[in-house]
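Below: the structure, in C-alpha cells.
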Amino acid sequence: MGVLDSLKSRMASWLKPPTDEVWSRSQNDPVIVSVGRSFKPEDLRGYISQASTGYLAPLQSFYEEMLARDAHLKALVDTAEDYLTEASVSVLAYPSTLRRGAAASSSEAKLAHEIAFAVDQELSRPEVRLDLAVRHLASGFWRGVAGVRVVVDPTGPRERLVSLEPVPSQRFGFDYETGALTFDPDGDNEPVPLDRFGSSIVLHLAETGVINPSRRGIFRPVMNFWLIRNLGLGWWARFIELYGTPFRKGTYPEGNDEVKETLIAVLKEAGNAGYAALPEGSNIEIIDTFQRITGHSPHQVMSEYAAREMSKLILGHAQAIEVQQGTGSVQGSKHGDLVAVRKTNARALQIARILRDGFVYPYVARNWGPDVALEHTPEVKIVLEQRGDLLDISKAIMNFVQAGVETITVSDFHALTGFSVPQPGEACLRPVPMPGQPTKDAVAGTDGQVAAPAADGAAAAPSVSQTIDETGVN
C-alpha cells in the first residue's frame with residue numbers, strides 16, 4: 001500500500017465515530033508479573049528481551065509492580081504528573097493569523113473560532129476527566145507507550161465527547177517483522193494491528209527515533225536504580241537485624257562446663273536477639289570501617305544515591321531530596337522548581353500535540369468535514385505558568401517605575417501576578433489613604449494642584465471609613 005492509499009485508509013477510519021468497545025479485562029492481566037514476587041537481574045533481562053521482540057506486556061506489568069513497591073519512585077511520578085494536571089489547557093483558533101488584526105473579523109475567522117470554542121467545550125466537560133487523560137498520556141514518558149480510548153455520542157447535530165478512558169499500557173505491542181503497532185483487545189496474547197481501531201485510541205509513543213521498543217521510556221534506565229534500592233533495602237534490613245539489635249554477652253571461667261551450660265541457658269531465655277557465651281578474657285569486636293569513616297551505613301548511601309538518580313531522570317533534578325536532608329539551599333530549591341517547570345512545559349507541549357492529532361483533528365473532520373479539518377483544526381496549548389513571589393514582583397515594579405520606566409502595561413501586571421482582569425462593574429480593592437493624605441477625589445481639575453489635606457487624622461476618619469465601606473472590606 002502506497003503512502004497516499006495509507007493516508008486515505010487512515011482518514012476513512014477517522015470518519016467513523018469512536019463508539020465501540022476496544023478492550024476488555026482479562027484473567028491474564030494480574031498474573032503476567034505476579035504481585036509481591038522477588039526480582040533478580042535475570043528476571044529484568046527476560047522482560048527486556050521479550051519487549052525487544054514486540055511483546056511488551058511483561059515489561060509494562062513489571063513497571064506497575066515497580067511503582068507499587070517504591071514509595072519514592074511513586075512520589076516522583078505523582079509529582080511530575082501533578083505538574084501537568086495543574087497546567088492550564090486552552091484551545092485556540094487556527095491559523096494564528098485569524099486571531100488578530102483585520103483578519104479576526106472575517107468569516108473564515110468566525111468559523112475557526114466557532115470550531116475552537118466547540119472543541120474547548122467538549123474537553124472541558126467534567127465527566128470527560130481531561131485531567132486523568134493527561135496524567136495517563138504522561139505515563140507514556142515513563143513507560144514508552146500510553147493510550148486513552150475516545151468515546152463519543154454521535155447523536156445530535158454535533159458529536160458529544162463522552163470520555164477519554166485510560167487504556168492499559170501492557171495491551172500495546174509491536175509486530176516484530178514490520179515494526180507496526182499492535183493492540184491486544186482481549187488480553188489473550190492475540191494482538192491485532194492498532195490501525196484497526198481508527199480514532200478510538202489516542203496514542204503517546206515516546207522516543208520514536210529509538211527502533212528497539214524495549215529501550216523507550218524513562219523507566220528503562222530507572223529499572224537499574226530501582227533494583228539497587230529494592231535489593232539494597234533488603235540487605236539493609238538484614239544488617240539492622242544482625243547489628244542494630246541489643247547483643248547479650250556473658251563470660252564463664254574457662255574449663256567450667258557447668259557454668260557454661262547455665263550461662264547459655266540464661267542468655268537464650270533472656271530474649272530472641274543475638275547472644276554470645278565466651279570464656280573469661282575472650283572478646284568479640286565487629287569493625288565497620290565504612291560507617292566509622294562516613295557516619296552512614298553503606299546501604300543507606302547506596303539507597304539514597306539510587307533515589308537521587310531516579311529524581312534526575314523524572315523531575316530533571318535531585319534538589320528535592322537534598323533539601324529534605326537539610327543540605328540544600330533555598331536558592332537551590334528554587335532552581336530545582338524552575339527546572340521541573342521547564343521540563344513540565346516541554347512535556348505539556350508534546351501532550352498537547354498528541355491530543356490535537358489524536359482527538360481534535362478527527363473530531364473536526366467528522367463534524368465539519370476533512371477539508372475544514374486540514375485548514376482549521378484548533379491548536380491545543382497546555383502551559384504551566386510559574387508565578388513569581390508577589391513581594392519580589394511588587395518591589396521590582398516599584399523600582400522600575402521609580403527609575404522612569406513608563407512601558408509596563410496593566411496586562412503585564414496581570415500576567416506576572418496571576419490576578420484576573422476584572423469584568424466591567426466588578427468590585428475591586430482600592431487603596432485607602434492614610435490620615436492626613438489626599439484622596440483620589442481631592443485632586444483639582446485642570447491645574448493639577450492638590451487640595452489641602454485634612455488638619456488631623458480625626459477629620460479624615462469619616463472619608464476613610466466611607467472608602468472602606470465602598471470596597472466592601474469594612
Exercise. Going through the checks in order, is the side-chain contact (heavy atoms from CB on, under 4.5 Å) test met by H376 and L98?
Worked result: CA-CA 10 Å; H376 297 301; L98 299 177; 3.7 Å; yes
Problem set entry | Gap between atom CG of L205 and atom CZ of R143 - 0.5 Å precision | 14.5 Å
Problem set entry | Test item: V77 and F219 side chains (from C-beta on) under 4.5 Å apart, heavy atoms | yes
Exercise. Taking only residues two or more places apart in sequence, or in another chain, which ones meet E127 in a salt bridge (Lys or Arg N to Asp or Glu O under 4.0 Å)?
Worked result: R160
Exercise. Can you tell me if T182 uses its side chain to pair, donor with acceptor, with the backbone of G173 under 3.5 Å?
Worked result: yes
Problem set entry | N189 and N28, any side-chain heavy atoms less than 4.5 Å apart | no
Exercise. Are Y305 and M302 close enough, and set up right, to give a side-chain contact (heavy atoms from CB on, under 4.5 Å), and what steps lead you there?
Worked result: CA-CA 5 Å; Y305 161 75; M302 179 174 59; 5.7 Å; no
Exercise. Does the distance from a Lys or Arg side-chain N to an Asp or Glu carboxylate O, for D78 and K74, drop under 4.0 Å?
Worked result: yes
Problem set entry | CZ on R99 to CG on L92, rounded to 0.5 Å | 4.5 Å
Exercise. Heavy-atom distance under 4.5 Å between the side chains of H204 and V145, does that happen here?
Worked result: no
Problem set entry | All ring pair (Phe, Tyr, Trp, His ring centres under 6.0 Å) counterparts of F172, not counting sequence neighbours | F183
Problem set entry | Side chains of P185 and V192 in contact at under 4.5 Å (non-hydrogen atoms) | yes
Exercise. Could you walk me through whether I382 and N345 pass the side-chain contact (heavy atoms from CB on, under 4.5 Å) check?
Worked result: CA-CA 8 Å; I382 304 176; N345 280 328; over 6 Å; no
For this session: Keeping the roles fixed (side chain from R356, backbone from V380), state whether a donor-acceptor pair exists under 3.5 Å.
Result: no
Exercise. Should M223 and Y47 count as side-chain neighbours, where that means a heavy-atom distance under 4.5 Å?
Worked result: no
Exercise. Does V151 have any side-chain contact (heavy atoms from CB on, under 4.5 Å) partners at least two apart in sequence or in another chain, and if so, which?
Worked result: R149, V162, S163
Exercise. Would you call R366-E159 a salt bridge at under 4.0 Å N-O?
Worked result: yes
Problem set entry | Results of side-chain contact (heavy atoms from CB on, under 4.5 Å) for V35 - residues two or more places apart only | E65
Exercise. Any donor-acceptor pair under 3.5 Å linking the side chain of D43 with the backbone of F39?
Worked result: no
Problem set entry | V202 and I354, any side-chain heavy atoms less than 4.5 Å apart | yes
For this session: Please tell me if the side chains of W368 and L111 come closer than 4.5 Å, counting only heavy atoms from C-beta onward.
Result: yes
Problem set entry | Polar side-chain atom of S106 near backbone of A109 as donor-acceptor pair, under 3.5 Å | yes
Exercise. Are E309 and R229 close enough for a salt bridge, meaning some N to O gap below 4.0 Å?
Worked result: no
For this session: List the steps, then state whether side-chain contact (heavy atoms from CB on, under 4.5 Å) holds for E64 with R69.
Result: CA-CA 9 Å; E64 292 180 1; R69 289 196 192 186; over 6 Å; no
Exercise. So, for S26 and D186, which heavy atoms are closest and what is the spacing to 0.1 Å?
Worked result: CB-O, 3.3 Å
Exercise. Any side-chain heavy atom of E375 within less than 4.5 Å of one from D371?
Worked result: no
Problem set entry | N-O pairing of R129 and D131 below 4.0 Å | yes
For this session: Kindly compute the distance separating NZ (K312) from CG (L76), expressed to the nearest 0.5 Å.
Result: 13.0 Å
Problem set entry | Polar contact flag, side-chain donor to acceptor under 3.5 angstrom, E81-W142 | yes
Exercise. Can any side-chain N or O of S139 pair as donor or acceptor with the backbone N or O of H136 at less than 3.5 Å?
Worked result: yes
Exercise. How many angstroms lie between OG1 in T79 and CD1 in I314, if you round to the nearest 0.5 Å?
Worked result: 9.5 Å
Exercise. Under the salt bridge (Lys or Arg N to Asp or Glu O under 4.0 Å) test, which residues partner R215, sequence neighbours left out?
Worked result: none
For this session: Determine, using ring centers only, whether F62 and W226 are less than 6.0 Å apart.
Result: yes
Seminar exercise, completed: So salt bridge (charged side-chain N to carboxylate O under 4.0 Å, His left out) across residues 100-117, not counting sequence neighbours, yields E114-R158
